[in-house]
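Please read these numbers as outputs of a predicted model, since none were measured by experiment.
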Amino acid sequence: MAYEDLREWIAALDRAGELKKIRTEVDPILEITEITDRVSKMPGKNNGRASSPGGPALLFQNIKGHAGAQVLINQFGSARRMNLALEVDKLDEVADRIRQFIDVKSPQGFLDKVKMLPMLAEMGKFFPKTVSSGPCKEVIVRDNFSLDEFPILQCWPKDAGRFITLPCVVTRDPKTGKRNVGMYRMQVYDGRTTGMHWQRQKVGAEHYREQLRAAEKNRVGTDAPARASVDIMARTSGGSILADGDRPAGKMEVAVAIGTDPAITFSAIVPAPPDVEEYLIAGFLRQKPVELVKCETVDLEVPATAEIILEGHVNLDELKPEGPFGDHTGYYSLEDLYPVFHLTCITHRKNPIYSTTIVGKPPMEDGWMGKAVERIFLPLMKLTIPEIVDINLPVEGVFHNLMIVSIKKSYPGQARKVMNAVWSLGQAMFTKCILVVDEDVNVQDIAEVTLKVLNHIDPERDIQFMLGPVDSLDHASRLPNYGSKMGIDATRKWSSEGFTRPWPDEILMDEKTKALVDKKWKDLGLE
Ligand SMILES: Cc1cc2nc3c(=O)[nH]c(=O)nc-3n(C[C@H](O)[C@H](O)[C@H](O)COP(=O)(O)O)c2cc1C
Ligand SMILES: [Mn+2]
């Protein structure tokens with residue numbers, strides 16, 4: 001049964017023994033981070049792997065300066081809770097459901113068509129539906145609103161201020177009308193304005209650029225609209241540079257939902273293709289349609305049961321320094337220019353629960369969300385890169401720094417083809433280092449990967465460099481957002497790839513001797 005809202009989810013966490021309510025007074029400035037960071041690194045329970053960390057989700061009920069407010073944090077912070085959030089025993093179940101849809105072949109006869117009916121009925125459950133009202137409208141504040149009423153955290157000492165860290169940011173593609181929900185942090189500038197940290201390659205940023213292009217075409221009234229589009233992008237470097245006021249005016253509507261049911265929150269971080277609405281993904285994950293309500297002051301729809309909704313717009317001709325912010329790389333992301341979100345209205349439930357997260361040195365809550373993305377996306381990656389057997393993005397690789405891929409190698413040079421394919425696949429474009437290994441290497445076992453990769457490579461021959469877009473959080477690249485990436489071909493090299501030396505056997509004991517020692521093992525008294 002899908003969770004209707006954040007409150008049902010909190011109750012489920014509590015029933016599962018995964019929630020700790022904290023009544024001691026805590027400060028949203030730094031103190032909640034220090035507590036949550038320690039809890040993130042605690043040994044977890046029932047996490048599948050005995051060593052996997054992750055203390056409980058935390059519900060702070062006594063927040064300094066915010067009488068009556070509650071803060072939920074670390075809701076996804078363990079493998080077990082991630083499973084609970086998506087209502088599965090193993091994340092592979094979600095991957096299996098995706099695979100079922102992928103595997104559909106055209107029906108051959110009447111019986112095949114009948115067999116497909118349940119699947120078609122199931123698909124009907126995924127589409128969001130708009131309802132006339134919902135709990136997020138219990139309180140509507142059009143005039144006297146301020147973000148100061150919410151217990152928004154300052155996470156780390158050198159952060160530029162307080163940040164909303166778990167917002168579902170809703171925008172609309174001006175061309176297709178499709179909605180996007182992305183999780184982009186928001187720096188609080190004052191009670192009514194925040195930063196809007198959609199990185200350049202994300203869908204919210206593209207929606208913004210589409211508005212910018214349209215406004216520019218209007219402004220210059222050119223006979224060559226494509227040229228106007230190229231010009232404005234080059235002048236503003238993809239929308240992220242002001243270009244001395246030489247930029248058209250205009251507004252883009254944005255709505256933000258905070259404190260949604262876990263499927264919606266998770267859908268906002270999923271690196272889906274730009275044209276797939278996250279509301280549909282959330283419907284697929286929870287197997288029940290997401291209910292939406294219309295906003296009061298902007299033409300957008302938001303989850304009806306959300307705790308808090310912020311409505312407003314960003315101006316096309318306004319950018320402001322955003323950051324620094326203690327980020328999931330373990331370092332502060334540097335200050336940069338981003339659009340400014342101007343609030344026009346806040347609606348919320350009575351006594352809203354403020355849902356948030358912190359990022360920092362791994363492992364942390366976002367690491368578990370990332371691991372879930374890794375498992376769920378594997379079947380989709382295999383659609384375009386069918387030779388992939390398994391992938392691992394170790395949490396210390398902070399998702400964009402390291403991907404280990406095992407492949408079924410069938411032709412010379414295939415490892416390099418796989419690297420290029422990964423770099424061309426949505427947000428996997430950011431992967432700084434891709435390690436490609438043969439299918440007999442267990443990519444989930446870092447010890448085995450280290451042993452085999454380093455034994456197998458001749459570095460000068462096997463490393464492939466590539467220039468292109470890099471993650472905005474990369475602080476080492478030659479330029480922000482642009483730099484180099486590296487692939488390592490650690491597959492066994494073939495003579496058809498120019499490797500003509502003999503390849504040694506891996507050391508393995510024979511079964512007969514192993515059985516013999518098994519029998520004697522007790523008598524040897526070694527345990
Ligand atoms: C806790 C958390 C915070 C995030 N903050 C940002 C952010 O500030 N800016 C950003 O561009 N992506 C951020 N991301 C990653 C995006 O949510 C992710 O790339 C998502 O796929 C973007 O959605 P989109 O493809 O619809 O743009 C964050 C992810 C998590 C889990
Ligand atoms: Mn999206």
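One side chain, Thr265 or Thr260, offers a donor N or O that lies under 3.5 Å from an acceptor on the other. At a cut-off of 3.5 Å, with distance as the only test, a side-chain donor of Ser472 or Asn481 sits close to an acceptor on the other residue. Between the side chains of Asp327 and Thr329, no donor N or O sits under 3.5 Å from an acceptor N or O. Checked by atom type, the side-chain pair Gln187/Thr194 shows no donor-acceptor distance below 3.5 Å. Side-chain polar atoms of Asn74 and Lys20 form no donor-acceptor pair below 3.5 angstrom. Counting only N and O atoms by type, the side chains of Glu307 and Ser355 include no donor and acceptor under 3.5 Å apart. For the residue pair Tyr338 / Arg200, a side-chain donor-acceptor distance below 3.5 Å is found, with atom types taken as modelled.
Listed by chain and number, the residues in a side chain to side chain donor-acceptor pair (under 3.5 Å) with Asn442 amount to none (sequence neighbours excluded). Residues passing the side chain to side chain donor-acceptor pair (under 3.5 Å) test with Asn83: none are found, sequence neighbours excluded. Evaluation of the salt bridge (charged side-chain N to carboxylate O under 4.0 Å, His left out) rule for Lys115 yields no partner, not counting sequence neighbours. By the salt bridge (charged side-chain N to carboxylate O under 4.0 Å, His left out) test, Lys417 is found to be paired with Glu387, residues two or more places apart in sequence or in another chain being considered. Under the rule for a side chain to side chain donor-acceptor pair (under 3.5 Å), Thr305 has no partner lying at least two apart in sequence or in another chain. Residues that satisfy the salt bridge (charged side-chain N to carboxylate O under 4.0 Å, His left out) test with Asp173, not counting sequence neighbours, are absent from this structure.
Asn180 and Gly204 make their closest contact through ND2-N, 4.1 Å (heavy atoms, listed as atom of the first residue, atom of the second, distance). Scanning both residues, Phe399 and Gly367, for their nearest heavy atoms gives CZ-O, 3.5 Å. Considering all non-hydrogen atoms of both residues, Met419 and Ile434 come closest at O-CD1, 3.8 Å. The two residues Tyr3 and Pro262 come nearest to each other via the heavy atoms CD1-CG, 3.5 Å. The two residues Gln201 and Pro469 have their closest heavy-atom pair at NE2-CB, 4.3 Å. Scanning both residues, Ile281 and Ala272, for their nearest heavy atoms gives CD1-CB, 3.4 Å.
Using bins of under 30°, 30° to 60° and over 60° for the plane-to-plane angle, the ring pair Phe284/Phe126 lands in the perpendicular bin. Between His328 and His400, the ring-plane angle classifies as perpendicular under the 30° and 60° cut-offs.
Taking a cutoff of 4.0 Å between a charged side-chain nitrogen and a carboxylate oxygen, Lys452 and Asp438 do not qualify as a salt bridge. Comment: Glu206 does not engage Lys175 in a salt bridge, judged by the lack of any side-chain N to carboxylate O separation of less than 4.0 angstrom. Salt-bridge annotation for Glu301 and Arg172: present, with a side-chain N of the basic residue lying under 4.0 Å from a carboxylate O of the acidic one. Looking at Lys493 and Asp462, a side-chain N of the basic residue comes within less than 4.0 Å of a carboxylate O on the acidic one, giving a salt bridge. Between Lys90 and Glu93, none of the side-chain N atoms (NZ, or NE/NH1/NH2) sits under 4.0 Å from a carboxylate O, so this pair counts as no salt bridge.
Between Val71 and Leu59, every side-chain heavy-atom pair lies at or beyond the 4.5 Å cut-off. You'll find the side chain of Asp390 stays beyond 4.5 Å of the side chain of Glu439, heavy atoms only. Side-chain contact check for Ile164 versus Thr356: every heavy-atom pair is 4.5 Å or farther apart. Residues Met196 and Met186 are in side-chain contact: their nearest non-hydrogen atoms beyond the backbone lie under 4.5 Å apart. At least one side-chain heavy atom of Phe341 sits less than 4.5 Å from a side-chain heavy atom of Leu343. Within the 4.5 Å cutoff, side-chain heavy atoms of Ile358 are placed close to those of Asp37. The closest side-chain heavy-atom distance from Ile391 to Val443 is not below 4.5 Å. Side-chain contact between Val453 and Val437 is present, with heavy atoms from C-beta onward closer than 4.5 Å.
Here CG of Asn392 is found 7.5 Å from CG of Leu402. Values are rounded to the nearest 0.5 Å. Of the inter-residue distances, the one linking Gln211 atom CD with Glu253 atom CD reads 8.5 Å to the nearest 0.5 angstrom.
Applying ring pair (Phe, Tyr, Trp, His ring centres under 6.0 Å) to Phe325 and the options Trp156, Phe163, Tyr331 leaves one that passes, Phe163. Checking each of Glu296, His348, Lys294 against Lys137 for a side chain to side chain contact (heavy atoms under 4.5 Å, CB included) leaves exactly one that passes, namely Glu296.
For the pair Arg179 and Tyr279, the cation-pi test (distance below 6.0 Å, angle within 45°) is failed. Taking the ring axis of Phe266 as reference, the NZ or CZ atom of Arg286 does not stay both within 45° of it and closer than 6.0 Å to the ring centre.
In Asn351, the CG atom is not crowded: 12 or fewer heavy atoms of neighbouring residues, nucleotides or ligands sit closer than 6.0 Å.
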Exercise for the section: Start with the C-alpha gap between Asp471 and Lys432, add the side-chain angles, then the distance that decides, and say whether salt bridge (Lys or Arg N to Asp or Glu O under 4.0 Å) holds. Expected result: CA-CA 9 Å; Asp471 199 288; Lys432 196 191 291 205; over 6 Å; no
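Aromatic pair His197/Tyr184: ring centres not closer than 6.0 Å.
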